[in-house]
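These notes are about the structure you will find just below.
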Protein chains: 2
Amino acid sequence: MTIDGRIARGDRTRAAVLDRAVARATEDGLDGLSLGQLATDLGVSKSGLFAHWRSKEDLQLATVERAQEQFLEQVVRPALTAPRGVRRLWALHDRRIAFYETDLLPGGCFFAKVQFEFSVRPGVVRDRLATTFTLWSDFVDNLARLAVHEGDLRADTDTRQLAYELESFALTAVMQSRLLSPEIAYRYARRAARDRLRTLATDPDLLPEDSA
Amino acid sequence: MTIDGRIARGDRTRAAVLDRAVARATEDGLDGLSLGQLATDLGVSKSGLFAHWRSKEDLQLATVERAQEQFLEQVVRPALTAPRGVRRLWALHDRRIAFYETDLLPGGCFFAKVQFEFSVRPGVVRDRLATTFTLWSDFVDNLARLAVHEGDLRADTDTRQLAYELESFALTAVMQSRLLSPEIAYRYARRAARDRLRTLATDPDLLPEDSA
DNA sequence: AATATTTACGATCGGTCGGTCGGTTTATTC
DNA sequence: GAATAAACCGACCGACCGATCGTAAATATT
């Protein structure tokens with residue numbers, strides 16, 4: 001046990017490992033993740049990892065959970081401070097598609113990468129990813145419902161459908177930005193979301209102009 | 001050399017290997033693709049593969065090309081027989097999102113899987129994938145331009161943007177169908193595309209009703 | 001200071017990977 | 001039927017993988 005208020009050594013190690021694991025898995029995937037490389041990166045021994053996690057799959061699961069935490073901290077929570085209504089919805093989408101290409105996480109989108117990696121392989125990791133996806137989708141859905149309630153979106157808006165479409169634009173932007181050009185991909189993703197939100201908005205002028 | 005009209009032995013082997021490679025890579029990725037497993041599946045020797053391709057990367061490239069051929073043969077070409085105008089555009093999208101979940105290619109979408117796998121890794125394979133993507137995107141763009149010319153879509157339609165959005169819906173459907181539920185994912189993808197096409201169509205009734 | 005416990009390490013295991021090599025089989029040509 | 005060349009195979013290599021184990025160092029408790 002440890003003294004209250006003081007962080008245990010093991011906890012610090014675990015945190016460092018998982019942060020690094022998220023970064024590496026974003027590039028190489030959760031399967032391509034090499035425990036030896038991961039340990040070398042951090043200057044620790046590979047065998048030490050097995051003291052914290054029983055198997056590679058356990059570490060993969062923990063990595064997914066850590067990535068989810070990062071996402072909630074750095075994307076979801078800041079978006080809650082945005083104005084309100086459809087503007088908040090827009091801010092959330094905009095922050096999301098920009099999130100994975102800037103200084104925050106320059107390696108790309110962890111979830112886009114990993115979701116496709118495990119989409120065809122049943123197991124605990126895939127189940128965990130599905131949970132993450134549902135959680136995010138529900139969050140967007142709730143924000144959209146709120147926007148409807150606040151009068152920014154039309155009353156007959158299918159908020160679940162809207163959440164799906166915003167997800168689609170973000171997902172494609174992440175892929176295209178690497179495969180082709182980030183500028184083009186972002187312009188498409190932003191415009192698509194803005195146009196969609198405008199068609200559902202009670203007042204189209206609530207959304208910013210096309211600043212491409 | 002071989003007698004005319006008769007297929008060389010090596011050609012048949014190459015074709016069989018690549019077809020199998022596309023299937024396996026769709027599940028495990030192009031990196032996760034094991035040459036030993038691939039050879040065992042086909043009842044050939046692993047070393048024999050190196051007689052046809054110099055390295056694994058060479059085989060990966062050939063696999064991408066084969067997948068593109070399959071896509072052109074089974075998705076693009078049949079769609080050209082569809083009526084015309086916006087209906088043809090719709091038929092193409094519909095066929096595409098259904099393509100990867102039916103008996104045609106039950107393993108999922110090869111390109112969705114592989115594009116994310118190589119989106120962060122520069123190299124010849126990624127360049128080849130970008131080519132494939134551009135080719136597909138241009139094709140949809142051209143069909144959309146044609147639909148404009150035929151009077152089905154509004155004259156001010158941004159066909160390139162439309163191609164991007166249709167791509168987004170298909171991409172997300174492929175991922176969601178595995179991660180969550182195929183039925184739901186397809187309903188979303190179909191509805192999103194239909195709604196989008198309706199907003200751009202000169203006559204919304206050209207598109208079928210929501211048959212969900 | 002002595003003890004107990006967590007944490008980390010080096011060495012090593014069995015297994016799989018991509019790739020090589022020498023030799024054998026198969027099909028075609030003369 | 002001999003000669004030729006493409007196609008193919010089994011055995012093997014070094015490198016790397018995830019995982020195990022006994023032990024040493026660091027920390028906490030007494």
Side-chain angles (χ1 to χ4, degrees), chain A residues 1-22 24-25 27-64 114 117-118 121 123-125, chain B residues 1-25 27-64 66 114 117-118 121 123-125:
Chain A
M1 292 306 156
T2 61
I3 303 175
D4 283 2
R6 196 157 162 195
I7 302 174
R9 194 158 64 114
D11 287 350
R12 260 184 294 130
T13 301
R14 271 187 289 273
V17 169
L18 290 184
D19 279 341
R20 185 79 192 132
V22 170
R24 283 211 80 107
E27 292 192 12
D28 305 328
L30 277 176
D31 262 11
L33 183 67
S34 162
L35 302 187
Q37 274 297 325
L38 186 61
T40 302
D41 284 359
L42 296 162
V44 299
S45 69
K46 183 175 63 168
S47 59
L49 299 180
F50 288 88
H52 296 286
W53 300 276
R54 266 178 296 180
S55 64
K56 186 183 185 180
E57 191 179 49
D58 266 22
L59 196 149
Q60 288 174 333
L61 269 178
T63 303
V64 171
V114 168
E117 188 182 3
F118 281 81
R121 192 186 320 161
V124 284
V125 177
Chain B
M1 290 305 156
T2 61
I3 304 174
D4 284 0
R6 196 157 162 195
I7 302 176
R9 195 156 63 117
D11 286 350
R12 260 185 293 130
T13 301
R14 272 187 288 273
V17 168
L18 289 184
D19 278 341
R20 185 78 190 131
V22 170
R24 284 210 80 107
E27 292 191 12
D28 305 329
L30 277 177
D31 262 11
L33 183 66
S34 162
L35 302 187
Q37 275 296 324
L38 184 62
T40 303
D41 285 358
L42 295 162
V44 300
S45 69
K46 183 175 63 168
S47 58
L49 299 181
F50 288 89
H52 297 285
W53 299 276
R54 267 179 295 181
S55 63
K56 185 181 184 181
E57 192 179 49
D58 266 22
L59 197 149
Q60 288 175 332
L61 269 178
T63 303
V64 171
R66 178 69 191 119
V114 169
E117 187 182 3
F118 281 81
R121 192 185 321 162
V124 284
V125 178

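All chains are named by letter (A, B, ...) in the order of the sequence lines, taking the proteins before the strands, and each is independently numbered beginning at 1.
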Send over the distance from B/Gln37 CD to D/dC17 P, rounded to a whole Å. 19 Å
Please list, for nucleotides 7-9 of chain D, all pairs of protein and nucleotide N/O atoms separated by less than 3.5 Å.
{"unit_1": "D/dC8", "atom_1": "OP1", "unit_2": "B/Thr13", "atom_2": "OG1", "d": "2.4"}
{"unit_1": "D/dC8", "atom_1": "OP2", "unit_2": "B/His52", "atom_2": "NE2", "d": "2.6"}
{"unit_1": "D/dC9", "atom_1": "OP2", "unit_2": "B/Ser45", "atom_2": "N", "d": "2.8"}
{"unit_1": "D/dC9", "atom_1": "OP2", "unit_2": "B/Ser45", "atom_2": "OG", "d": "3.3"}

Nearest-0.5 Å distance that lies between atom CG in A/Leu33 and atom CZ in A/Arg20: 10.0 Å
B/Asp58: which residues meet the side chain to side chain donor-acceptor pair (under 3.5 Å) condition with it, sequence neighbours left out? none
Mind checking what makes side chain to side chain donor-acceptor pair (under 3.5 Å) contact with B/Arg14, not counting sequence neighbours? B/Asp11, B/His52
Do any N or O atoms from the side chain of A/Lys56 and from the backbone of A/Asp31 form a donor-acceptor pair under 3.5 angstrom? yes
List in chain and number order the residues that pass side chain to side chain donor-acceptor pair (under 3.5 Å) with B/Glu117, two or more places apart in sequence or in another chain; answer none if no residue qualifies. none
Which nucleotide sits closest to the side chain of A/Leu35: C/dC17, D/dG18, C/dG19? D/dG18
Tell me, with the steps shown, if A/Leu35 and A/Phe50 meet side chain to side chain contact (heavy atoms under 4.5 Å, CB included). CA-CA 10 Å; A/Leu35 302 187; A/Phe50 288 88; 3.7 Å; yes
Sequence-distant partners of A/Asp28, side chain to side chain donor-acceptor pair (under 3.5 Å), two or more places apart: none
Atom CZ of A/Arg12 and atom P of D/dA26 are separated, to the nearest Å, by 14 Å
Mind grabbing the angle between the end helix axes of the helix from C/dA1-D/dT30 to C/dC30-D/dG1? Five pairs an end, 10° rounding. 10°
Send over the distance from B/Leu49 CG to C/dC17 P, rounded to a whole Å. 13 Å
Nearest-Å distance for atom pair CG/P, residues B/Asp28 and C/dT16: 15 Å
Nearest-angstrom distance from the residue atom NZ of A/Lys56 to C1' of D/dC17: 8 Å
Spacing between A/Phe50 atom CZ and D/dT20 atom P, to the nearest angstrom: 7 Å
Base, sugar-phosphate alone, or nothing: which one does A/Leu33 contact when heavy atoms must sit under 4.0 Å apart? sugar-phosphate
From CG (B/Asp41) to CZ (B/Arg24), nearest 0.5 Å: 4.5 Å
Which pair of non-hydrogen atoms, one from B/Val125 and one from B/Val64, has the smallest distance, and what is that distance? CG1-CG2, 4.4 Å
